[in-house]
Undergrad: 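What follows is a single structure, and I will ask about it in a moment.
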Amino acid sequence: MANVNAGPFAGFQLAAFLNAANSQIGGGQLAIVNFAERMNGVQVGVFNMSSEFHGLKVGLVNTSQQFSGTAVGLINMDRTSRKEWMFYGANLSLLNIGFRTVLNRWSSIVSVGYGDVQGDVAETLFLGWNFGRNIPLSRRWDLTIDLGFQHIIPRKSDSKADNDRLHYSLQARALAEYHLNDHLGLVGSVGSRTVYSSYTSGATNETDVHFTAGIVLY
């Protein structure tokens, strides 16, 4: 269930729930919750936490005080990472709110959307995640290249076509960002999306150009 290590070690911790290393660790941790005081290696879990980390983190939430390397997850943060709110519209989901973290130039956006622009089922919810590389172009301009996923939840209808038409969307896009000042920016993106009718290999799909436009609060 749990591994707790008080002194420094090199190796691998594997547990069903918790791995905790309260000193220096070189190696890996795999559990639902991973914690390391100072670590060089890999953490894989749902929640990955550390004071000082060098390497790769893969999980839903990755946090650290000092971090160098790559973190892949919904939320990735250290003391210096960017933490921002985004409000935007798209030609698939009408209204969207996103929380973005940018850690070592890797951008992750978790979003909630409402309103099906493409179809006729207006009362539709969207849950999304976009992950990609943030590239600073100048003092005011940024470019982010990312891949995205949106789970689509239409309101139940008497029409089978409405209920089955949309299930999820896969996206690839380039997002341009202009910093108006230290607290506000403008964002817009263009790319491609494919909307699938179900989570099966025989799902029908619709491929189209994907646009977004909105603001970001720093």
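The basis for the numbers below is simple: all heavy atoms, side chains too, and nothing from hydrogens, waters or symmetry mates. Computed from a predicted structure; not experimentally measured.
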Undergrad: Under 3.5 Å, is there a donor-acceptor pair linking the side chains of Glu37 and Gln24?
TA: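 Side chains of Glu37 and Gln24: no pair found under 3.5 Å.
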Undergrad: What heavy-atom pair brings Gln150 and Phe126 nearest, and what distance separates the two atoms?
TA: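 Closest pair (atom of Gln150, atom of Phe126, distance): NE2-CB, 3.7 Å.
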Undergrad: Among side-chain atoms of Ser50 and Ser64, is any donor-acceptor pair under 3.5 angstrom?
TA: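 Side chains of Ser50 and Ser64: pair found under 3.5 Å.
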Undergrad: Taking atom CG of Leu170 and atom CG of Leu147, what is their separation to the nearest 0.5 Å?
TA: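 Here the interatomic distance stands at 9.0 Å.
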Undergrad: Keeping Lys83 on the side-chain end and Ser81 on the backbone end, is there a donor-acceptor pair under 3.5 Å?
TA: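 Side chain of Lys83 to backbone of Ser81, a donor-acceptor pair under 3.5 Å: yes, one is there.
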Undergrad: Quick one: does Ser108's side chain have a donor or acceptor within less than 3.5 Å of a partner on Gly73's backbone?
TA: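 Yes.
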Undergrad: Are Met1 and Val46 connected, step by step, through hydrophobic side chains (Ile, Leu, Val, Met, Phe, Trp, Tyr) whose heavy atoms are closer than 4.5 Å?
TA: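 Yes.
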Undergrad: If you round to the nearest 0.5 Å, how far is CG of Asp208 from CG of Asn205?
TA: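 It comes to 11.5 Å.
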Undergrad: Minimum heavy-atom separation for Val117 and Ala90, please, with both atom names.
TA: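 Nearest pair, atom of Val117 first, then Ala90: CG2-O, 3.7 Å.
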Undergrad: Which heavy-atom pair separates Gln13 from Ala20 by the least distance, and what is that distance?
TA: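 In this case the closest contact between Gln13 and Ala20 is NE2-O, 3.5 Å.
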Undergrad: Roughly how far, to the nearest 0.5 Å, is CZ of Phe67 from CZ of Phe53?
TA: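 Answer rounded to 0.5 Å: 6.0 Å.
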Undergrad: For the hydrophobic clusters of this structure (ILVMFWY residues joined by side-chain heavy atoms under 4.5 Å, transitively), does one cluster hold both Phe12 and Val42?
TA: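 Same cluster.
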Undergrad: Spell out, as yes or no, whether a donor-acceptor pair under 3.5 Å connects the side chain of Asn181 to the backbone of His183.
TA: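 Yes: the side chain of Asn181 pairs with the backbone of His183.
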Undergrad: Using modelled atom types only, decide if a donor and an acceptor are shared between the side chain of Asn34 and the backbone of Val44 within a distance under 3.5 Å.
TA: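 Yes: the side chain of Asn34 pairs with the backbone of Val44.
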Undergrad: Is it the case that more than 12 heavy atoms not belonging to Ile97 sit under 6.0 Å from its CD1 atom?
TA: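 No, the 6.0 Å shell around CD1 holds no more than 12 heavy atoms from other groups.
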Undergrad: Could you list who else is in Tyr88's hydrophobic cluster, with ILVMFWY side chains joined at under 4.5 Å, directly or through other members?
TA: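 Cluster partners of Tyr88: Met86, Ile109, Leu175, Val187, Val216, Tyr218.
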Undergrad: Between the side chain of Arg140 and the main-chain N/O of His179, is any donor-acceptor distance below 3.5 Å?
TA: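 Judged by distance alone, yes, a pair lies under 3.5 Å.
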Undergrad: Is it the case that Ser198 and His167 place a side-chain donor and acceptor less than 3.5 Å from each other?
TA: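 The criterion, which ignores hydrogens and geometry beyond distance, is not satisfied for His167 and Ser198.
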Undergrad: Between Arg105 and Arg133, does the side chain to side chain contact (heavy atoms under 4.5 Å, CB included) criterion hold? Intermediate values first, please.
TA: CA-CA 6 Å; Arg105 297 299 174 186; Arg133 189 67 171 171; 3.6 Å; yes
Undergrad: What is the distance from atom OG1 of Thr70 to atom CG of Leu56, rounded to the nearest 0.5 Å?
TA: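 Spacing of OG1 (Thr70) from CG (Leu56) equals 6.5 Å.
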Undergrad: Are a donor atom and an acceptor atom from the side chains of Asn91 and Arg193 found within less than 3.5 Å of each other?
TA: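 Yes - a donor-acceptor pair under 3.5 Å links their side chains.
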Undergrad: Please say yes or no: joined through hydrophobic side-chain contacts below 4.5 Å, possibly via intermediate residues, are Leu60 and Leu127 part of one cluster?
TA: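 Unlinked, Leu60 and Leu127 end up in two clusters.
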Undergrad: Any side-chain heavy atom of Leu125 within less than 4.5 Å of one from Tyr114?
TA: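 A side-chain contact exists here, since the closest heavy-atom pair is under 4.5 Å.
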Undergrad: Among Asn3, Asn5, Asn48, find the one that has a side-chain hydrogen bond (donor to acceptor under 3.5 Å, both in side chains) with Asn19.
TA: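 By the side-chain hydrogen bond (donor to acceptor under 3.5 Å, both in side chains) criterion, Asn19 pairs with just one of Asn3, Asn5, Asn48: Asn3.
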Undergrad: Return the minimal non-hydrogen interatomic distance between Ile145 and Ala174, and the atom names on each side.
TA: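 Smallest heavy-atom distance, with atoms named: CD1-CB, 3.6 Å.
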Undergrad: Are the side chains of Val61 and Met77 in touch, meaning some heavy atoms are under 4.5 Å apart?
TA: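 Not touching, per the 4.5 Å side-chain cut-off.
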Undergrad: For the residue pair Gly7 and Ser23, what are the closest heavy atoms and their distance?
TA: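 It is C-CB, 3.6 Å.
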Undergrad: Would a 4.5 Å heavy-atom cut-off, applied to side chains only, mark Leu103 and Asp78 as touching?
TA: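 Yes, their side chains come closer than 4.5 Å.
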Undergrad: Taking a hydrophobic cluster as the set of Ile, Leu, Val, Met, Phe, Trp and Tyr residues connected by side-chain heavy atoms closer than 4.5 Å, whether directly or through intermediates, do Ile75 and Leu217 fall within one such cluster?
TA: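 Yes: a chain of side-chain contacts under 4.5 Å links Ile75 to Leu217.
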Undergrad: With side chains defined as the heavy atoms from C-beta onward, is the minimum distance between His54 and Met39 less than 4.5 Å?
TA: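 Not in contact.
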Undergrad: Using a distance-only test with no angle check, is there a side-chain donor-acceptor pair under 3.5 angstrom linking Thr204 and Ser197?
TA: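 Looking only at side-chain atoms, Ser197 and Thr204 do form a donor-acceptor pair, the distance falling under 3.5 Å.
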Undergrad: Do Asp146 and Arg173 meet the salt-bridge criterion of a basic N to acidic O distance under 4.0 Å?
TA: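 Yes.
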Undergrad: Ignoring hydrogens, what is the shortest heavy-atom contact between Ser192 and Thr207? Give both atom names and the distance.
TA: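 That would be OG-CG2, 3.9 Å.
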Undergrad: Return the NE2 to OG1 distance between His210 and Thr194, rounded to the nearest 0.5 Å.
TA: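 Going from the NE2 atom of His210 to the OG1 atom of Thr194 covers 11.5 Å.
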Undergrad: Is the shortest side-chain N to carboxylate O distance from Asp142 to Arg82 below 4.0 Å?
TA: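 A salt bridge links Asp142 with Arg82.
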Undergrad: From Asn134 CG over to Thr101 OG1, what is the distance, rounded to the nearest 0.5 angstrom?
TA: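 Answer for the CG-OG1 pair, Asn134 versus Thr101, is 11.0 Å.
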Undergrad: When you group the ILVMFWY residues by side-chain heavy-atom contacts below 4.5 Å and let the links chain together, are Val110 and Val72 in the same group?
TA: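 Result: yes, single cluster for both.
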Undergrad: Within a reach of under 6.0 Å around CZ of Phe99, are more than 12 heavy atoms found that belong to other residues, nucleotides or ligands?
TA: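 More than 12 within 6.0 Å, yes.
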Undergrad: For the residue pair Tyr199 and Tyr168, is the inter-centroid distance of their aromatic rings smaller than 6.0 Å?
TA: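 Ring-ring flag for Tyr199/Tyr168: true, centres closer than 6.0 Å.
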Undergrad: Is there side-chain contact between Leu180 and Leu186, with heavy atoms separated by less than 4.5 Å?
TA: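 Side-chain contact under 4.5 Å: yes.
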Undergrad: Using a 4.5 Å cut-off on heavy atoms from C-beta on, say whether the side chain of Asp116 contacts that of Ser93.
TA: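 No, too far: nothing below the 4.5 Å cut-off.
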Undergrad: Applying side chain to side chain donor-acceptor pair (under 3.5 Å) to Thr144 and Ser107, what does each step give before you reach the verdict?
TA: CA-CA 8 Å; Thr144 300; Ser107 169; 4.9 Å; no
Undergrad: Determine the interplanar angle of the Phe131 and Trp129 rings, folded into 0 to 90°, and report it as parallel if under 30°, tilted if 30 to 60°, perpendicular if over 60°.
TA: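 Rings of Phe131 and Trp129: tilted, as their planes differ by 30° to 60°.
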